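What you see is a predicted model; the values in this text were computed from it and never measured.
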Amino acid sequence: MATSRSIPTVIVSRTVRPGREREFEAWLDRLLDEARDAPGFVGLERQPPTDEQPNEWVVIYRFVDAESLRSWVGSAERAALMDVGVDLCEGPAREQVVVLQRDVDPVTAVISVRVPERHRHMYLERYHEIDAAMTRAPGFIRTEMFEPVEGVQDETVVVFTFDGRDDLDAWMTSSERAEILQRMEPFIEGSHTVNVMGGFGGWFDLDEGTEPKRWKQAAVVLLALYPTVMAITLVKNWLLPGVWLPLDILGGNIIGVAILTWVLMPVLTRLLDRWLRS
């Protein structure tokens, strides 16, 4: 079970100069690597530009306490790198320091749909709308789309993570999401297949109370989650096509959580133990 604690966080947004995008991304990688090595570092997320903000990058840093955060923000190493990035950005960095209450584990949802090739362009337009809306929702952490792979994966798969089940449920039942999904329906075949996986608690209980970095936890869960969901979906569509949607989702969740908890996650955390601790 996750313990309740406040996580000091700094949210930084930068606008990239047109034509300097590749240089900016290389510079940002250096900056993030430096942050990961800073004392008290907990984790980070970065949000690339969107259709609404085509040149805007947002980075969220989390540290174990306010002193560690202040040390990183005021460090000579960070200052030197920020000076290097001045020519790559338009205007000064916009920084906001907040304190987030982390009393729940992240929750990940996986949605798969079949999109006919003739409708792909229109589907992607609706997807970008729903993606932009989701990033503004409370508790949003990350999202990623996996395009179909001929002969391997017929569905388009979207994976997204929220801070907790309440935030995820609020987004899943929101009127904004429902309105976009209604306009998306004509461009997909069949129904959405939805699987929701609970937080990571218990999967990464290393000895001596060690907790891996959040991004590493997410990477390992995705490594196990994606093929699990695809396998469940393929078997379900083969054996039980047309199952009532609520029962379909419940069954997929039960099977998926069981496979991850008692089969895949113990194996992966053992194989990747050294990497998770680094």
Side-chain angles (χ1 to χ4, degrees), residues 2-16 21 24-75 77-79 81-82 84-85 88-109 131-145 158-168 170-171 199-200 204 211-222:
T3 57
S4 177
R5 59 193 181 111
S6 297
I7 302 294
T9 301
V10 59
I11 303 170
V12 183
S13 58
R14 302 303 303 263
T15 301
V16 185
E21 290 83 3
F24 175 86
E25 290 190 45
W27 168 79
L28 183 60
D29 286 340
R30 291 175 57 196
L31 183 64
L32 299 188
D33 286 343
E34 192 71 39
R36 292 185 183 100
D37 292 335
F41 173 80
V42 172
L44 62 82
E45 287 98 35
R46 60 177 170 180
Q47 176 66 51
T50 63
D51 290 343
E52 288 72 24
Q53 297 175 308
N55 295 317
E56 187 91 356
W57 280 81
V58 178
V59 180
I60 302 173
Y61 303 95
R62 295 189 176 95
F63 283 78
V64 69
D65 52 39
E67 183 178 354
S68 298
L69 175 59
R70 283 194 297 268
S71 295
W72 157 244
V73 172
S75 67
E77 293 82 2
R78 180 175 184 269
L81 281 171
M82 294 296 280
V84 172
L88 305 176
C89 305
E90 291 185 341
R94 295 170 295 283
E95 298 183 358
Q96 181 179 8
V97 177
V98 297
V99 176
L100 301 181
Q101 192 72 23
R102 298 297 296 241
D103 54 4
V104 292
D105 283 329
V107 177
T108 296
D131 181 59
M134 180 165 51
T135 60
R136 298 190 296 268
F140 171 80
I141 296 178
R142 65 179 64 84
T143 184
E144 188 169 4
M145 172 191 278
V158 179
V159 180
F160 51 91
T161 302
F162 277 75
D163 237 353
R165 188 57 191 255
D166 289 345
D167 287 330
L168 175 64
W171 164 247
F200 304 157
F204 296 94
E211 182 183 13
K213 296 173 181 177
R214 287 283 179 175
W215 72 269
K216 290 189 176 183
Q217 295 184 38
V220 175
V221 171
L222 183 58

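With values rounded to the nearest 0.5 angstrom, Asp29 atom CG is found 10.0 Å from Phe24 atom CZ. Taking OG from Ser71 and CD from Glu77, the interatomic distance works out to 10.5 Å, rounded to the nearest 0.5 Å. Taken to the nearest 0.5 Å, the CG atom of Leu32 stands 11.0 Å off from the CD atom of Glu25. The CD1 atom of Ile141 lies 12.0 Å from the CE atom of Met134; values are rounded to the nearest 0.5 Å.
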Pair Tyr61-Arg36, side chain to side chain contact (heavy atoms under 4.5 Å, CB included): steps then yes or no: CA-CA 9 Å; Tyr61 303 95; Arg36 292 185 183 100; over 6 Å; no
How far apart are the C-alpha atoms of Leu168 and Phe160, what are their side-chain angles, what is the distance that settles it, and do they pass the side chain to side chain contact (heavy atoms under 4.5 Å, CB included) test? CA-CA 9 Å; Leu168 175 64; Phe160 51 91; 3.5 Å; yes
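Seen from the ring of Trp57, Arg46 does not count as a face-on cation partner, given the 6.0 Å and 45° thresholds.
Qualifying salt bridge (charged side-chain N to carboxylate O under 4.0 Å, His left out) partners for Asp166, counting only residues two or more places apart in sequence or in other chains: none. Under the side chain to side chain donor-acceptor pair (under 3.5 Å) criterion, Thr135 pairs with no residue, sequence neighbours left out. Under the rule for a side chain to side chain donor-acceptor pair (under 3.5 Å), Arg70 has no partner lying at least two apart in sequence or in another chain. In this structure Arg30 satisfies the side chain to side chain contact (heavy atoms under 4.5 Å, CB included) test together with Leu81, Val84, sequence neighbours excluded. Thr15 pairs by the side chain to side chain donor-acceptor pair (under 3.5 Å) definition with Glu56, Arg94, not counting sequence neighbours. Under the side chain to side chain contact (heavy atoms under 4.5 Å, CB included) criterion, Ala170 pairs with no residue at all, not counting sequence neighbours.
Taking both residues in full, the closest heavy atoms of Trp27 and Cys89 are given as CZ3-SG, 4.4 Å, listed atom of the first, atom of the second, then distance. Nearest heavy-atom pair, Arg78 versus Val73, reported as atom, atom and distance to 0.1 Å: NH1-O, 3.3 Å. Residues Pro39 and Ser68 approach most closely at O-CB, 3.5 Å, considering heavy atoms.
Between Phe162 and Trp171, the ring-plane angle classifies as parallel under the 30° and 60° cut-offs.
Two residues are said to be in side-chain contact when any heavy atoms from C-beta on lie closer than 4.5 Å; Pro49 and Asn55 fail this criterion.
The 12-atom threshold is exceeded at CD of Glu90, counting heavy atoms of other residues, nucleotides or ligands nearer than 6.0 Å.
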